[in-house]
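Within every chain, numbering begins at 1; the chains are lettered A, B, ... in the order of the sequence lines, protein sequences first and strands thereafter.
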Number of protein chains: 2
Amino acid sequence: MNIGEAAKLTGLSDKTLRYYESIGLVSAKRSSNGYRLYTDKQIDELHFLASARQTGFTLDECKALLALLRDTNRHSRDVKAFVTDKLMKLDSQIAALSKMKQSLEQLSSRCNDNDDSQCAIIEGLSSNTLCSKEENNE
Amino acid sequence: MNIGEAAKLTGLSDKTLRYYESIGLVSAKRSSNGYRLYTDKQIDELHFLASARQTGFTLDECKALLALLRDTNRHSRDVKAFVTDKLMKLDSQIAALSKMKQSLEQLSSRCNDNDDSQCAIIEGLSSNTLCSKEENNE
DNA sequence: ATAAAGCTTATAGCTACTGGAAGGTCAAGC
DNA sequence: GCTTGACCTTCCAGTAGCTATAAGCTTTAT
């Protein structure tokens with residue numbers, strides 16, 4: 001099938017499919033007029049990629065996962081190890097964002113929220129307490 | 001002071017300071033030899049930017065915050081509104097990551113973690129259950 | 001005098017695409 | 001035969017927030 005239909009089936013855009021080909025993920029054969037021709041197996045692979053991307057894997061990680069998908073001699077142990085590693089990365093991302101959130105909430109709670117120019121948020125960001133040291137418990 | 005000292009004081013790299021100038025955040029005057037000269041006030045602003053970046057604000061958001069910092073006629077209300085908005089964005093980012101984590105954990109728990117090629121993770125990513133519909137509660 | 005450190009600009013690369021321009025191909029309608 | 005529109009092609013630029021590299025100038029120390 002042509003790229004348009006492949007895009008519809010997989011939920012990826014045609015641009016994305018061309019991009020994936022350009023980085024060597026899924027390369028379609030061409031018909032005589034130069035149009036890309038996707039096989040059913042490639043559609044499956046693209047589905048797989050879409051799922052993996054949605055689940056938070058980077059394209060580099062997707063490349064590795066795709067290699068595992070294609071390797072019928074893979075061991076589920078290796079796949080699991082890969083995912084366990086990714087889970088740790090996700091955890092640290094979540095922790096970083098949570099820390100930011102906490103800092104912001106703390107600053108925000110001290111802001112008077114009125115017409116005054118004086119503002120605890122501005123002051124908090126201006127002081128170096130955020131970057132240089134732990135917050136002192138109040 | 002020159003860019004090197006400014007970098008040391010603020011914890012930002014000299015590259016970063018030049019970049020910030022190139023996008024119009026903090027522009028230093030030049031001495032006769034063409035070297036950048038940072039004032040104490042600019043060091044304060046750079047500290048502020050470093051804090052804001054650490055707290056998760058994008059550079060675009062930092063630009064807006066810097067405008068508030070510089071505006072002595074600001075209202076703390078406006079700063080608070082800005083931060084409240086950012087907190088919501090942080091929340092949705094955290095929610096997205098948590099969802100990914102949950103999906104991955106679910107897949108991972110079903111993997112046999114052995115020598116077999118059969119793997120619930122690969123199968124889960126291949127099926128379209130992740131993208132097309134809600135997970136059915138088990 | 002020379003070498004090292006510090007500064008300058010300009011360019012390219014990273015992630016994962018997206019948008020747009022300029023143009024070839026195909027199927028339908030008149 | 002011709003046009004119109006949909007679909008396809010390639011290539012270039014832009015997004016965010018820097019970092020790395022290169023080529024070259026200035027200052028400082030030896």
- Message: Rounding to 10°, can you tell me the angle the first-five-pair axis of the helix from C/dA1-D/dT30 to C/dC30-D/dG1 makes with its last-five-pair axis?
- Response: 30°

- Note on the structure: What one should report as the nearest heavy-atom pair of A/Asp91 and B/Lys101 is OD1-NZ, 2.9 Å

- Item | Sequence neighbours excluded, every pair satisfying salt bridge (charged side-chain N to carboxylate O under 4.0 Å, His left out) that has a member inside residues 48-62 of chain A |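 Sorted result for residues 48-62 of chain A: A/Glu61-A/Lys86, A/Glu61-A/Lys89.
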
Donor-acceptor under 3.5 Å ([X] side chain, [Y] main chain):
X: A/Gln42; Y: A/Ser27; value: yes
X: B/Thr10; Y: B/Ala6; value: yes
X: B/Asn112; Y: B/Asn114; value: no
X: A/Ser108; Y: A/Glu105; value: no

Identify each atom pair where a protein N or O and an N or O of nucleotides 28-30 of chain D are less than 3.5 Å apart, giving names and distance.
none

- Message: Nearest 0.5 angstrom please: B/Leu68 CG to B/Phe82 CZ, how far?
- Response: 7.0 Å

- Item | Residues that A/Glu21 engages under salt bridge (Lys or Arg N to Asp or Glu O under 4.0 Å), provided they are two or more places apart |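 A/Glu21 satisfies salt bridge (Lys or Arg N to Asp or Glu O under 4.0 Å) with A/Arg30, A/Arg36 once adjacent residues are dropped.
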
- Query: How would nucleotides 9-20 of chain D be written as a contact map, 5' to 3', with B for base contact, S for sugar-phosphate-only contact and - for no contact, using protein heavy atoms under 4.0 Å?
  - Reply: BB------BBSB

- Query: Rounding to a whole Å, what distance do you find between A/Leu17:CG and D/dC7:P?
  - Reply: 15 Å

- Message: From OH of B/Tyr38 over to C1' of C/dT8, roughly how many Å is that when rounded to an integer?
- Response: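 The answer, rounded to whole Å, is 12 Å.
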
- Message: Before you tell me yes or no, could you show the steps for B/Gln93 and A/Gln93 under side chain to side chain donor-acceptor pair (under 3.5 Å), namely the whole-Å CA-CA distance, both residues' side-chain angles and the distance that decides it to 0.1 Å?
- Response: CA-CA 10 Å; B/Gln93 279 185 271; A/Gln93 279 186 272; over 6 Å; no

- Only counting residues at least two apart or in another chain, list the ones meeting side-chain hydrogen bond (donor to acceptor under 3.5 Å, both in side chains) with B/Ser31. B/Asn33

